[in-house]
Structure formats: C-alpha cells, structure tokens
There are 2 protein chains.
Amino acid sequence: MTEIQDKYELILSSSRKLIEEIGFSALTMDKVAQKAGIAKGTVYLYFKDKDDLLEKVLSSGFEKMFERIKIRVGNESGAFNKLKSLINENIRHIYENRYFFKTIFLDEVNVVFLKKKSKESYNLRRKRYTDYIAGIIKSGIESGEFRKDLNYSKSAYMLVSLIKTGAIYNFLNGMFDLTSEMIEKDTEEILNLFMRGISVK
Amino acid sequence: MTEIQDKYELILSSSRKLIEEIGFSALTMDKVAQKAGIAKGTVYLYFKDKDDLLEKVLSSGFEKMFERIKIRVGNESGAFNKLKSLINENIRHIYENRYFFKTIFLDEVNVVFLKKKSKESYNLRRKRYTDYIAGIIKSGIESGEFRKDLNYSKSAYMLVSLIKTGAIYNFLNGMFDLTSEMIEKDTEEILNLFMRGISVK
DNA sequence: TATTATAATGACTTAATAGTCATAATTCAA
DNA sequence: TTGAATTATGACTATTAAGTCATTATAATA
C-alpha cells in the first residue's frame, strides 16, 4: 500500500501535490517539507535548491508525457494518423494530471503576480475579448461562412491562442523586427491555418 | 518634447519599461521609483500597492489594443473580413509593443519561477517536443498529405498551442472531469481545426 | 509675504522565506 | 556490541522587498 520508495520521490510528489493545491507562486520550501512530513534541511539533502526542485518536478512530468506519446505514435503509420494519436495521447496525459495542469495552464504569467482581485479583472478582460471574437465567429456560422458544428466560443479561444503562439514562435526564432510585408505574411499564415487548416484542399 | 504629463503616467510608463528590461518577476517598487526618478513613497501616492500598479499596467495596455481593434474591425463587413482585420490589427499591436510582449509571452508561468539554468532546460524540452511534431508535419508535407507552403516548425508550435488552449478552455468552463467520449470529441475538434480549419469545405 | 494645503521624500519597520549547520538519530559494519 | 558513517533535524541567519510615516519641500491662497 503506497509505501514511499525513497525520500527523493516523496519530496517530488509532495511538491507536485502542493503545486496543485496552492500554485507555483505560493510554494515555499517550508511547505514542501511539511507536506512531505520531513524537516526542511532534508529537502536540501536531495535537491540543490528550490530552483533545482522545481526543475525536477517539471522535467519528470514532461519525460513521462513524452515517453507515452512516442510509444503511442510509434504504432501509427502516416502523418495524419500519427498526429491524431499524438493529440489524443497529449490530451489524455493532461486530463490524467488535470489538477497539476490546471495550475500550470491557468496561472498565466501576467496573472501569476497579481492578487485575487486583479486576477479577476484580468480574466474578465480576456473574456471580454474572446466573447467579442466569438460573436464574429457565431455570425459567420449563421451566415454559412463557417462550419455549423463549430463551438464558436472555443474557436475564439483557439484564434487568440494561435495569434499569441505565432508571435512567440517569431520571438524565439530571433524574428523581432518584422517588416510590414512580414506582418502581412504572418496574418495570411494564421488566417489560412484557422480557415483551412494544414491539409491540402 | 516628451514633457511628462503627470506622475501617474510617468510611473506607468516606467513600470512598463522596467518589465521590458527585467521582466515581471524582478520588478520591485524600489526599482520602479528609481526608474521614474522619484521616491518610493511617491509611487504609493498614486497606486494602492504593487498589485494595483501591475493591474493598471496590464489593463491600460489591453484597453489600447482592444480600442484600435474595434475601430479597425468596425470598418469591415462579413465575418471573414472582420476576422482578417482583427488578426492583423492584433499582430500589429503586438509588434509595435514587442519588447513588452516578448516578456509577457516568453516568460511562461513555469519558466518564470526558474533561474537561468533551469529556464534553459525548460526551453530545450519544449523545443525537443515541437521538433518531434515538426518532423511529423514535414513528412506529411513531403507525402502530399499537407500543404506544401506550410512552415512545419511553426505549425508544430501552433498545434501544441491549440492543444493547450483547448484544455484551458475546458478548465475555465468548469469542464474538469471529462469522460472518455468527451476526450475523443476534443481530439476530433482540435484535429478538425488543425486539418481543415473553421471554413465550410 | 505669511500661512495653509498639497505633494514628495527615503529611512525605517515588518514580514516572508531561502538556505545553513551544529546537533541528534539512525543505520551499518566489524 | 560498539563506534563509525550516514541521514535527518529545525532553530537560526541573511536577504530581499513591500509598505509606512514623520519630516521636508513645493504650490496655492489670502
């Protein structure tokens, strides 16, 4: 019955549980020790410092996810099928660890440093924007421009996410000072993906 | 020439510049005061506390963006054209404020609390995963399954982003304990969007 | 100019928390 | 069984940074 293997794993899983409960920003080494039922000094026998502990929590989770995805995808042939399995396995992993990912995903960077009240206004602003986009998509569905089976609210989220991700991609690849043409190209790219997807017509 | 209107705006813009330079996590009230060339106490005459200041920095930026987008989109007719303008205006706004958004976007929640070294490993892991997906998409392009004009690397980022956003959407809407069928439905939804987009065939 | 009101200052207080280390408990080997 | 080696403890130190407030400077008014 869940005999704890060793202190290292105990500390890792306690930290994980704590992150699920109180989030990253509120995690302290005292709380980790308390959660694990050991002294704070002991934590430092197994992890160099707080940064090391957080890094290990994140990386162990990632490795588990990546492993299961590679196994699953390895059984498929054809890019379409591989992608389908990948998406499915990724989503499964997220939901099997949903309390953890809830914290990871919902506490966006901007929100992390805000207290409860400002967090709420932030979320309201985001909702105002996505609702606005959702309205446009809804009208497009009603006019027959867009697929009838769409969840317009969710589609709006997706669009905002694609725009953001496009910018992140450029930044990460050193594309920082875009010309006007590059902005147009980016717009077309996202619009194309959102309207027609990646498949050939 | 650039006469500072008032202290309130001075503090806001100084905070904004600081966030661009050192990021959210390193922002202190002492540094804000120093950057603005005033005493710390003065900051507290214009903002209730640090949380209030951060909230005002974020909301003023958001309001500016939302305003320009609404004006631009208001001139268009038809959902497709509206969306196209919206994407374009949103991207323009991001690039005109690129130093700010670079910090906002790149310092993801998990990364924010890590120091330099762990940050690098995090980014490497993310790259390993997107490279893996990019390889699949590349093979799909070569086999003729996917559009030849795709940037497979960027498309991989988009897919990861769509998966993440789908989960965020569910969480925000209280869909927390998904049945197996709901997971399948989610998979189909994302797959459909990524493969075919939102347009009717 | 004198007086009051308003704005600004920055040294100080307080709180939180990461990391240490002398001491104690436990395990292991001879 | 005993003493050395390993593991664990938690009170303590050091640091950082938010927020305060008595004091000073500036502006407004009479």
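In the text below, chain A, chain B and the rest are named by the order of the sequence lines, each starting its count at 1.
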Just the rounded figure in Å: distance from [atom2] of [N] to [atom1] of [X].
{"X": "K40(B)", "N": "dT14(C)", "atom1": "NZ", "atom2": "C1'", "value": "11 Å"}
{"X": "L27(A)", "N": "dA18(C)", "atom1": "CG", "atom2": "C1'", "value": "12 Å"}
{"X": "Y44(A)", "N": "dT7(D)", "atom1": "OH", "atom2": "C1'", "value": "18 Å"}
{"X": "M29(A)", "N": "dA8(D)", "atom1": "CE", "atom2": "P", "value": "15 Å"}
{"X": "D6(A)", "N": "dT6(D)", "atom1": "CG", "atom2": "P", "value": "18 Å"}
{"X": "K48(A)", "N": "dT20(C)", "atom1": "NZ", "atom2": "C1'", "value": "14 Å"}
{"X": "Q34(B)", "N": "dG10(C)", "atom1": "CD", "atom2": "C1'", "value": "13 Å"}
{"X": "I38(A)", "N": "dT6(D)", "atom1": "CD1", "atom2": "P", "value": "20 Å"}

- Message: Quick one about N192(A) and R147(B) (side-chain donor to acceptor, distance below 3.5 Å, no hydrogens or angles considered), yes or no?
- Response: no
- Looking just at side-chain N and O atoms, do S161(B) and Y169(A) make a donor-acceptor pair shorter than 3.5 Å? no
- Query: So does E142(A) pair up with K138(A), basic N to acidic O under 4.0 Å?
  - Reply: yes
- When you check the phosphate oxygens OP1 and OP2 of dT17(C), does a side-chain N or O of T28(A) lie under 4.0 Å from one of them? no
- Message: So if I take every side-chain heavy atom of Y46(B) and compare against dG19(C), dA8(C), dA18(D), which nucleotide ends up nearest?
- Response: dA8(C)
- Between dA8(D), dA7(C), dA18(C), which nucleotide has the shortest distance from any of its atoms to the side chain of L45(B)? dA7(C)
- Message: Reading DNA chain D from 5' onward, which residue's closest nucleotide shows up sooner: G37(A) or D30(A)?
- Response: G37(A)
- Flag this pair as yes if the NZ/CZ of R128(A) is under 6.0 angstrom from the six-membered ring centre of F66(B) and inside a 45 degree cone about the axis; otherwise no. no
- Under the 6.0 Å and 45° cation-pi test, does K102(A) pair with F176(B)? yes
- Is there a donor and acceptor pair closer than 3.5 Å between the side chain of K7(A) and the base of dA8(D)? no
- Task: Look at the side chain of K50(A) and the base of dG19(C), then say whether one donor and one acceptor between them are separated by less than 3.5 Å.
- Result: no
